Student: 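Please see the structure below; I have some questions.
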Amino acid sequence: MSSIDHPFLRNPDKALFIGGKWVDAIAGRRMDAINPADGHRIATLAEGDAADIDAAVAAARHALEQGPWPRFTPAERQGLLLRIADLLEARSESFAVLDTLDMGKPVRFTRGAIPLLVDLLRYFAGAARTIHGSTPQTSLPGMFAATVKEPVGVCGAIIPWNGPLWASVLKIGPVLATGCTLVLKPAEDASLAPLMFADLCAEAGVPPGVINVVTGLGPTAGAALAAHMDVDKMSFTGSDATGRRIVQASAGNLKRLSLELGGKSPHIIFADADLAAAAPAAAMAVFVNSGQVCSAGTRLFVERSIHDAFVEAVVAHAGALRFGDGLSADTDLGPVVSARQHARVLGYVEAGVAGGARLVSGGDRPAGDAFGQGFYVNPTVFCDVADDMRIAREEIFGPVLAIFPFDSEDEVVRRANDTPFGLGAGMWTRDVGRAHRVGGALKAGSVWVNCYNALDPAVPSGGYKASGWGREYGPNHLEEHLNVKSLWIQT
Ligand code: ADP
């Protein structure tokens, strides 16, 4: 065990959080939490499985139907979310450091994300007061009809490792705003912040059983949650391959599903753009969090007249990014999350080279002893990439960028849309007509013009095509957690 002094790691052997209590996995198994910066173990986790998921779902069902939670008014749910937001704000440094230790993102970014997460919780606090039905006029004589919104019930959520605190807040916020209950299964590679956040929620006054966290492996604990007959809704964020398994597993009780499954997002640079702003943005659209971002702009289309100069500017920006201690304030790039992910990313680099793409920079580990034990990958840029190569079509989830020249607007729209995914898309141009035309033609849930990866709690985010079902953030996110009941009264 490495000797890191963090308040949550003073007891490094973590339990499951079920029914408001910390409990060991029924089978007694444990797994390691590894710091990807040096490969050292920083904690051990309870390895929950189907039996623990059963216990957590039973606790969530009990809390949904009995006890204080169903009697919480919207004002009380709002107050609860505001207290959680205040506590998170007060402990932001501790959460930021924990995420850095657990999954490698430099603290500059884990710290930088927390104001948005606090804002998100305050948004959901406000949203708790906005839930309302309607009174549609019927054309039936003497008939009154009203719609009411009710919590959808027991929710399950399975989250990835690229933003453990972020994903926890995103799943817990709407559950609390709508009066649902939750069983959360964090990623096995990054479970610590979800556990610490569940603890914070309890301290803020979330009643026992409303939020439960079962750490464990995907194919056991995750699969059991997705298949559970007493879970009313599943929310999954992760790879499209696992998303397909979740869809199949959920068929038993036809539970409601929302899915956010990543992408292969196009980022288009027109020659008329502000290129000085576009080049660093294009680099960071893929290299931030070492490429472990669902909407990363991994396919960069550059108008041919500026292609070579733009590639040079992107490579120069990438080359100036600093690897280092994730806890130091000026580190730009951390490791990828695990040895498995490291091998996977380097495997894609090999596939790109073998397929005939030109490796312009990166593709290997950064030099120096400091990086020998960690799962680091240099920012990697490929040119001369064919549209049908694996590195152009599959989500890599690592710092790997493919750059393509293009000649016309119609051509680039067609090629940008030629992907099974549709999560994000970006474009840089000074031509407002083109921004509307191309923005309208791109098949993606979010299109960013002269910016990339902008997020706001009020603005929906989600995928077209194989990037998923449903929307998170904004009013749609709340609706995913509500049932509509029509009430008819013969007057
Ligand atoms: P990766 O393979 O890169 O870890 P995944 O999409 O498989 O990406 O992981 C995201 C989340 O899905 C994790 O919490 C993981 O434990 C979970 N998971 C993996 N396999 C399954 C499965 N068969 N059923 C349910 N959840 C799973």
Side-chain angles (χ1 to χ4, degrees), residues 16 25 29 31-34 36 45-50 52-54 56-57 99 102-104 155-168 170-171 182-195 198 212-228 231 233-252 255 257-264 289-296 298 335-348 375 377 394-400 421 423 463 466-469:
L16 312 176
R29 275 194 293 274
M31 53 192 197
D32 291 339
I34 302 290
L45 303 167
E47 187 188 320
D49 61 20
D52 306 287
I53 291 288
D54 276 345
V57 172
D99 257 0
D102 202 16
M103 55 73 65
C155 298
I158 298 178
I159 57 175
W161 32 260
N162 61 333
L165 175 64
W166 193 313
S168 306
L170 199 55
K171 303 303 177 191
L182 178 70
V183 177
L184 176 69
K185 209 296 281 173
E188 42 275 58
D189 288 324
S191 295
L192 293 171
L195 291 169
N212 307 275
V213 183
V214 177
T215 50
L217 303 176
T220 51
L225 182 58
H228 206 289
V231 170
K233 172 195 191 293
M234 271 303 297
S235 169
F236 172 73
T237 306
S239 63
D240 60 311
T242 301
R244 287 183 174 84
R245 289 189 198 104
I246 304 276
V247 171
Q248 283 167 351
S250 69
K255 55 178 68 67
L257 276 188
S258 24
L259 305 169
E260 199 269 70
L261 304 178
K264 194 75 189 171
N289 202 15
S290 294
Q292 303 165 115
V293 176
C294 306
S295 51
T298 47
V336 296
V337 74
S338 62
R340 181 175 72 108
Q341 188 62 11
H342 191 252
R344 201 168 158 252
V345 173
L346 294 182
Y348 272 107
F375 313 131
V377 183
E394 296 175 19
E395 185 178 48
I396 299 173
F397 233 58
V400 181
F421 296 108
L423 188 59
S467 287
W469 296 346

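Worth saying up front: this structure is predicted, and the values here are computed from it rather than measured. As the structure lists them, so they are numbered: ligands from 1, and atoms in each ligand from 1.
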Student: Under 4.0 Å from a heavy atom of Ala223: give me the atoms of ligand 1 that qualify, with their elements.
Tutor: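 Under 4.0 Å from Ala223, ligand 1 has these atoms: 24 (N), 25 (C).
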Student: Would you mind listing which atoms of ligand 1 come within a distance below 4.0 Å of any non-hydrogen atom of Pro186?
Tutor: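 Every atom of ligand 1 under 4.0 Å from some heavy atom of Pro186: 14 (O).
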Student: Numbering the atoms of ligand 1 from 1, which are under 4.0 Å from a heavy atom of Ile159?
Tutor: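 Checking each atom against Ile159, I get 11 (C), 13 (C), 14 (O).
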Student: Go through it in stages, so that I can follow the logic: the residues are Asp49 and Arg29, the test is side-chain contact (heavy atoms from CB on, under 4.5 Å), and I'd like the CA-CA distance, side-chain angles, deciding distance and then a yes or no.
Tutor: CA-CA 9 Å; Asp49 61 20; Arg29 275 194 293 274; 3.1 Å; yes
Student: Looking at CG of Asp99 and CH2 of Trp161, how far apart are the two atoms once the value is rounded to the nearest 0.5 Å?
Tutor: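 Reported to 0.5 Å precision, the distance equals 13.0 Å.
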Student: Are any side-chain N or O atoms of Gln292 and backbone N or O atoms of Phe397, one a donor and one an acceptor, separated by less than 3.5 Å?
Tutor: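 Side chain of Gln292 to backbone of Phe397, a donor-acceptor pair under 3.5 Å: no, none is there.
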Student: Run the side-chain contact (heavy atoms from CB on, under 4.5 Å) test on Thr298 and Ile396 for me, step by step, so that the C-alpha distance in whole Å, both residues' side-chain angles and the decisive distance to 0.1 Å come before the verdict.
Tutor: CA-CA 9 Å; Thr298 47; Ile396 299 173; over 6 Å; no
Student: What protein heavy atom sits nearest atom 22 (C) of ligand 1, and how far away is it?
Tutor: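 Nearest neighbour among protein heavy atoms for atom 22 (C) of ligand 1, to 0.1 Å: Gly218 O, 3.4 Å.
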Student: What are the two closest non-hydrogen atoms of Pro335 and Gly104, and how far apart are they?
Tutor: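 Nearest pair, atom of Pro335 first, then Gly104: CD-O, 3.4 Å.
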Student: So which heavy atom in the protein is nearest atom 17 (C) of ligand 1, and how far is it from that ligand atom?
Tutor: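 Nearest protein contact, heavy atoms only, for atom 17 (C) of ligand 1 is Ile158 CG2, 3.6 Å.
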Student: Compare Thr215, Thr242, Leu261, Val337 and give the one whose heavy atom is closest to atom 5 (P) of ligand 1.
Tutor: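 Heavy atom nearest to atom 5 (P) of ligand 1 belongs to Thr242.
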Student: Students should be able to answer this: which protein heavy-atom is nearest to atom 23 (N) of ligand 1, and at what distance?
Tutor: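 Ranked first by proximity to atom 23 (N) of ligand 1 is Arg245 CD, 3.7 Å.
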Student: With respect to Gly216, determine whether any N or O atom, backbone or side chain, lies less than 3.5 Å from an N or O atom of ligand 1.
Tutor: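 N/O-N/O distance below 3.5 Å does not exist for this pair.
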Student: Determine whether a donor-acceptor pair (N or O, by modelled atom type, separation under 3.5 Å) exists between the side chain of Glu188 and the backbone of Ala190.
Tutor: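 No, because the side chain of Glu188 does not come within donor-acceptor range (under 3.5 Å) of the backbone of Ala190.
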Student: Under 4.0 Å from a heavy atom of Gly238: which atoms of ligand 1 are those, numbered in the order shown and with their elements?
Tutor: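 Answer for ligand 1: 6 (O).
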Student: Any heavy atom of Phe236 closer to ligand 1 than 4.0 angstrom?
Tutor: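 Contact present.
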Student: Within the 4.0 Å heavy-atom shell around Ile246, which atoms of ligand 1 are there?
Tutor: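 Those qualifying, in numeric order: 25 (C), 26 (N).
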Student: In the protein, which heavy atom is nearest to atom 8 (O) of ligand 1, and how far is it?
Tutor: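 Ranked first by proximity to atom 8 (O) of ligand 1 is Ser239 OG, 3.9 Å.
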Student: Counting only heavy atoms closer than 4.0 Å, does ligand 1 sit against the backbone of Trp161, its side chain, both, or neither?
Tutor: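 Looking at Trp161 and ligand 1, just side chain atoms fall under 4.0 Å.
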Student: Assess the side chains of Arg245 and Gln248: does a donor N or O sit below 3.5 Å from an acceptor N or O?
Tutor: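 Gln248 and Arg245 do not have a side-chain donor-acceptor pair below 3.5 Å.
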Student: Check whether any heavy atom of Arg344 sits under 4.0 Å from an atom of ligand 1.
Tutor: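 No.
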Student: How far apart are the closest heavy atoms of Val214 and Ala56, and which atoms are they?
Tutor: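 Looks like CG2-CB, 3.6 Å.
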Student: For the backbone of Ser191 and the side chain of Asp102, can you confirm whether one donor and one acceptor N or O come within less than 3.5 Å of each other?
Tutor: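 Yes: the side chain of Asp102 pairs with the backbone of Ser191.
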Student: For atom 14 (O) of ligand 1, is the nearest protein heavy atom closer than 4.0 Å?
Tutor: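 Answer yes: something from the protein, a heavy atom, is under 4.0 Å.
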Student: With heavy-atom distances below 4.0 Å as the criterion, list the atoms of ligand 1 near Lys185.
Tutor: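 So the atoms of ligand 1 that pass are 14 (O), 15 (C), 16 (O).
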Student: Can you give me the closest heavy-atom contact between Lys185 and Gly216, atom names plus distance?
Tutor: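 Where Lys185 meets Gly216 most closely, the heavy atoms are NZ-O, 3.0 Å.
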Student: For Leu184, which of Ile159, Thr215, Leu225 qualifies under side-chain contact (heavy atoms from CB on, under 4.5 Å)?
Tutor: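 Of the listed options, the one satisfying the test is Ile159.
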Student: To which protein heavy atom is atom 2 (O) of ligand 1 closest, and what is the distance rounded to 0.1 Å?
Tutor: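 For atom 2 (O) of ligand 1, the nearest protein heavy atom comes out as Arg340 NH2, 3.4 Å.
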Student: Before giving the answer on side-chain contact (heavy atoms from CB on, under 4.5 Å), spell out for Leu45 and Leu192 the whole-Å C-alpha distance, their side-chain angles and the decisive distance to 0.1 Å.
Tutor: CA-CA 8 Å; Leu45 303 167; Leu192 293 171; 3.9 Å; yes
Student: How far is atom 16 (O) of ligand 1 from its nearest protein heavy atom, and which residue and atom is that?
Tutor: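 Scanning the protein heavy atoms, the shortest distance from atom 16 (O) of ligand 1 goes to Glu188 OE1, 2.5 Å.
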Student: In ligand 1, which numbered atoms sit nearer than 4.0 Å to a non-hydrogen atom of Gly222?
Tutor: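 Answer for ligand 1: 24 (N), 25 (C), 26 (N).
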